[in-house]
Trainee: 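If you scroll down you'll find the structure; I have some questions about it.
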Amino acid sequence: MRRDPSILHLDLDAFFAAVEQRDKPSLRGRPVVVGGTGGRGVVSTASYEARAFGARSAMSTIEARRLCPPGTAFLGSRFAAYRRTSDVVMALLRELSPLVEPVSIDEAYVDLAAGDHDLSVAGVTALATDLKARIAAATGGVTGSVGIGTSKAIAKIGSELRKPDGLTVVPPGQELDVLHPLPVRSLGGVGPATAERLHQIAVTTVGDLHRLSLVDLTSLLGQAHGTGLHRLARADDDRPVVADREAKSVSAEETYARDLSDPVRLGAEVDALARRVGTRLRSSGTSGRTVTLKVRRPDFSTLTRSSTLPQPIDDPRLIAEVAHRLLAGIDRHAGVRLLGVGVSGLATFVQGDLFALDEPPTTTDLPVDESPDPEQPAPTAAVPWYPGQDVEHDEHGAGWVWGSGLNRVTVRFEGPRTPPGRVRTFAGDDPALRPGSPPDWTPPDPSAPDPSGPDPSEPDPTPPDPTAAG
DNA sequence: TCTGGGGTCCTAGGACCC
DNA sequence: TCTGGGGTCCTAGGACCC
């Protein structure tokens with residue numbers, strides 16, 4: 001716990017759905033559900049309009065369709081678009097402090113003490129108010145909830161307290177007043193299993209938890225977890241904000257629309273997963289010694305088999321070879337619902353200047369503006385375009401806003417009809433620019449779903465793009 | 001047609017070593 | 001006729017997070 005409320009936590013509100021509503025104005029004010037649209041899909045994000053009907057993250061899409069009214073948009077995920085908007089937000093955070101720790105695409109901690117700020121309650125309140133306004137302006141209306149306090153745990157809880165578009169500053173000394181009435185479930189690290197064990201001994205709030213001894217907690221939950229919760233209940237949390245965390249594993253997995261049992265097909269799927277993992281390892285310049293194969297059976301039981309090699313590898317063929325061996329040792333007679341391939345025990349190649357990875361975009365007919373700075377979005381008052389926003393253009397196909405200035409917008413195209421990386425500027429009021437490529441909105445059909453199941457020859461309408469780096 | 005995909009961290013047992 | 005006490009590495013599974 002620090003003396004000043006110097007830890008800020010930002011959580012973007014219903015992020016995927018918010019980006020979709022920004023890029024497609026017709027979706028604004030309507031329930032939007034983003035996630036897997038196939039038979040085994042689950043919801044990634046439900047807009048607040050959809051939450052009003054009970055749609056929630058991690059719920060099966062089938063159930064969300066049952067709950068939401070006609071007119072609800074069910075959309076596949078467009079990770080590249082979310083990544084671009086996330087990058088804009090993270091750049092704004094890095095203007096506040098060099099110590100920014102992204103937790104996920106829509107969440108980050110900032111250590112304000114590493115910047116030059118007034119750390120009084122009034123000071124950080126003003127800072128956060130300004131930050132929220134700048135995020136909304138730079139992203140075209142995506143909002144975030146902010147919590148600020150003396151530790152990561154308190155900041156995170158603060159951002160949860162008022163959502164969406166909230167701001168909570170917990171003044172130093174008032175941590176326990178905020179913490180103790182909350183359900184134990186609101187502490188990070190308390191999931192369904194831990195909550196259930198605690199409920200069995202009549203512990204439902206953080207205040208209840210505070211009354212348990214360290215010995216009680218560690219004997220109930222294990223050493224690390226027990227100690228961690230004992231401290232959290234006392235707001236005793238000095239975890240640092242760590243920028244640039246290194247990845248510890250890389251994996252790819254897929255749940256199949258229909259369970260697999262054909263050995264040839266299984267082998268081909270393992271190859272495809274190994275290829276995805278190897279490609280990502282190589283693009284990040286890393287390799288690993290342990291290959292793990294994951295198999296989920298139709299009854300949802302999940303098992304893993306792993307093998308550690310003497311040397312780190314990143315070659316998709318080698319990864320596949322190991323994974324094939326591991327698969328051979330698993331009984332697949334009941335069928336396979338999911339396959340996964342992962343590599344861990346990562347070792348970063350240190351090759352100095354051999355790799356200059358920051359190659360500029362392929363610039364074609366753009367004499368100016370070739371290095372628009374996403375960290376410094378120019379004033380956009382006269383131009384309703386935001387960095388990261390998807391646009392459509394008659395001549396060039398789909399693109400996204402790379403940078404914008406007064407009456408001028410720079411668009412980077414990567415659609416099927418243009419060479420990747422093509423960059424052009426337009427007048428901000430160019431009528432050829434339109435927000436959003438049409439999302440693959442599937443109108444809700446009361447007579448759906450198709451009882452024959454998805455056609456395996458039909459590609460997923462929005463396949464995830466594992467190579468998308470934003 | 002219940003239950004995705006990408007991760008992190010912890011535990012526990014066995015092997016092995018000093 | 002006995003069995004200690006660490007430490008590290010590996011494997012498998014599970015809880016949890018977004």
Side-chain angles (χ1 to χ4, degrees), chain A residues 9 11-12 14-16 34-45 56-67 76-77 79 82-83 86 102-108 152 156 159-160 185-197 218 221-229 239 242 245-259 273 276-277 280 289-310 326 329-330 337-346 448-454 460 462-466 468:
Chain A
H9 180 257
D11 193 343
L12 298 172
F15 180 53
F16 294 1
V34 181
T37 51
R40 288 175 166 176
V42 301
V43 175
S44 292
T45 310
R56 293 284 181 276
S57 296
M59 168 184 284
S60 84
T61 303
I62 303 274
E63 181 166 13
R65 282 188 194 275
R66 241 189 20 243
L67 293 169
S77 302
F79 280 104
Y82 312 146
R83 169 56 59 197
S86 174
V103 181
S104 68
I105 196 167
D106 64 351
E107 225 188 291
K152 279 181 160 182
K156 165 105 179 155
S159 71
E160 291 289 325
R185 196 69 175 74
S186 51
L187 291 180
V190 179
T194 305
E196 177 55 30
R197 300 179 92 154
T218 52
L221 302 174
Q223 191 61 42
H225 206 184
T227 311
L229 288 188
R239 290 172 298 162
V242 181
R245 279 190 191 277
E246 300 274 335
K248 306 209 162 154
S249 65
V250 171
S251 65
E253 63 183 58
E254 186 151 343
T255 295
Y256 301 100
R258 284 206 264 262
D259 299 335
L273 292 166
R276 279 157 61 181
V277 171
R280 282 168 51 203
R289 286 179 55 216
T290 303
V291 177
T292 301
L293 179 80
K294 176 172 168 181
V295 172
R296 175 122 70 210
R297 300 209 169 103
D299 67 0
F300 219 73
S301 62
T302 305
L303 35 86
T304 61
R305 293 292 179 270
S306 66
S307 174
T308 298
L309 311 168
L326 295 169
I330 292 177
R337 178 191 174 94
L338 167 149
L339 279 177
V341 171
V343 171
S344 56
L346 301 188
D450 176 4
S452 68
D460 188 307
T462 51
D465 180 5

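Source: prediction; values computed, not measured. All chains are named by letter (A, B, ...) in the order of the sequence lines, taking the proteins before the strands, and each is independently numbered beginning at 1.
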Trainee: For A:Arg245 and for A:Arg337, locate the closest nucleotide of DNA chain B by heavy-atom distance; then report the residue assigned to the nucleotide nearer the 5' terminus.
Mentor: A:Arg337

Trainee: What's the verdict on side-chain contact (heavy atoms from CB on, under 4.5 Å) for A:Leu187 and A:Thr194, showing C-alpha distance, side-chain angles and the deciding distance?
Mentor: CA-CA 11 Å; A:Leu187 291 180; A:Thr194 305; over 6 Å; no

Trainee: Could you check how far CD of A:Glu254 sits from C1' of B:dG4, rounded to whole Å?
Mentor: 10 Å

Trainee: Mind telling me if C:dT1 is syn or anti? Syn here is a glycosidic angle within 90° of 0.
Mentor: anti

Trainee: Take the protein atom CZ of A:Arg296 and the nucleotide atom C1' of B:dC2, then report the distance between them rounded to whole Å.
Mentor: 13 Å

Trainee: Excluding sequence neighbours, so at least two apart, what forms side chain to side chain donor-acceptor pair (under 3.5 Å) with A:Ser344?
Mentor: none

Trainee: Atom CZ of A:Arg40 and atom P of B:dC2: how far apart are they, to the nearest Å?
Mentor: 9 Å

Trainee: Does B:dC2 count as syn, meaning its glycosidic angle lies within 90° of 0, or as anti?
Mentor: anti

Trainee: Please state how far atom CZ in A:Arg66 lies from atom P in B:dT3, giving the value in whole angstrom units.
Mentor: 12 Å

Trainee: Select base, sugar-phosphate, or nothing to describe what A:Ala58 touches, counting heavy atoms under 4.0 Å on all strands.
Mentor: base

Trainee: Only counting residues at least two apart or in another chain, list the ones meeting side chain to side chain contact (heavy atoms under 4.5 Å, CB included) with A:Arg296.
Mentor: A:Phe300, A:Thr302, A:Arg337, A:Leu338

Trainee: For the residue pair A:Phe79 and A:Phe16, does the interplanar ring angle fall in the parallel (under 30°), tilted (30 to 60°) or perpendicular (over 60°) class?
Mentor: perpendicular

Trainee: How close do A:Ala195 and A:Arg185 get, counting heavy atoms only, and between which atoms?
Mentor: CB-CD, 3.8 Å

Trainee: Does A:Arg258 have a side-chain nitrogen or oxygen under 4.0 Å from the phosphate oxygens OP1 or OP2 of B:dT1?
Mentor: no

Trainee: For DNA chain C, what string of dots and brackets results from 5' to 3' when Watson-Crick and G-U pairs need both distances under 3.5 Å, crossing pairs get [ ], and pairs with another strand get |?
Mentor: ....||||||||||||||

Trainee: To the nearest Å, give me how far apart CZ (A:Phe300) and P (B:dG5) are.
Mentor: 10 Å

Trainee: Provide, to the nearest angstrom, the distance between the CG atom belonging to A:Asp299 and the C1' atom belonging to B:dC2.
Mentor: 14 Å

Trainee: Grab the CZ-P distance between A:Phe79 and B:dG6 for me, whole Å please.
Mentor: 8 Å

Trainee: Where each residue is assigned the nucleotide of DNA chain B containing its nearest heavy atom, which of A:Ser251 and A:Val43 is assigned the position nearer the 5′ end?
Mentor: A:Val43

Trainee: Would you please name every residue forming a side chain to side chain donor-acceptor pair (under 3.5 Å) with A:Thr290, sequence neighbours left out?
Mentor: A:Thr308

Trainee: I'd like the P distance from C:dG4 over to B:dG14, given in whole Å.
Mentor: 16 Å

Trainee: Looking at residues at least two apart in the chain, or sitting in another chain, which of them share a side chain to side chain donor-acceptor pair (under 3.5 Å) with A:Arg289?
Mentor: none

Trainee: How would you summarise protein contacts on nucleotides 10-18 of chain C per nucleotide, using B for base, S for sugar-phosphate only and - for none, with heavy-atom distances below 4.0 Å?
Mentor: SSSS-SSSS

Trainee: Out of the candidates A:Glu160, A:Lys152, A:Glu107, only one should pair with A:His9 under the side chain to side chain donor-acceptor pair (under 3.5 Å) rule; please name it.
Mentor: A:Glu107

Trainee: Return yes when atom CZ of A:Arg239 has more than 12 non-hydrogen atoms of other residues, nucleotides or ligands closer than 6.0 Å, and no otherwise.
Mentor: yes

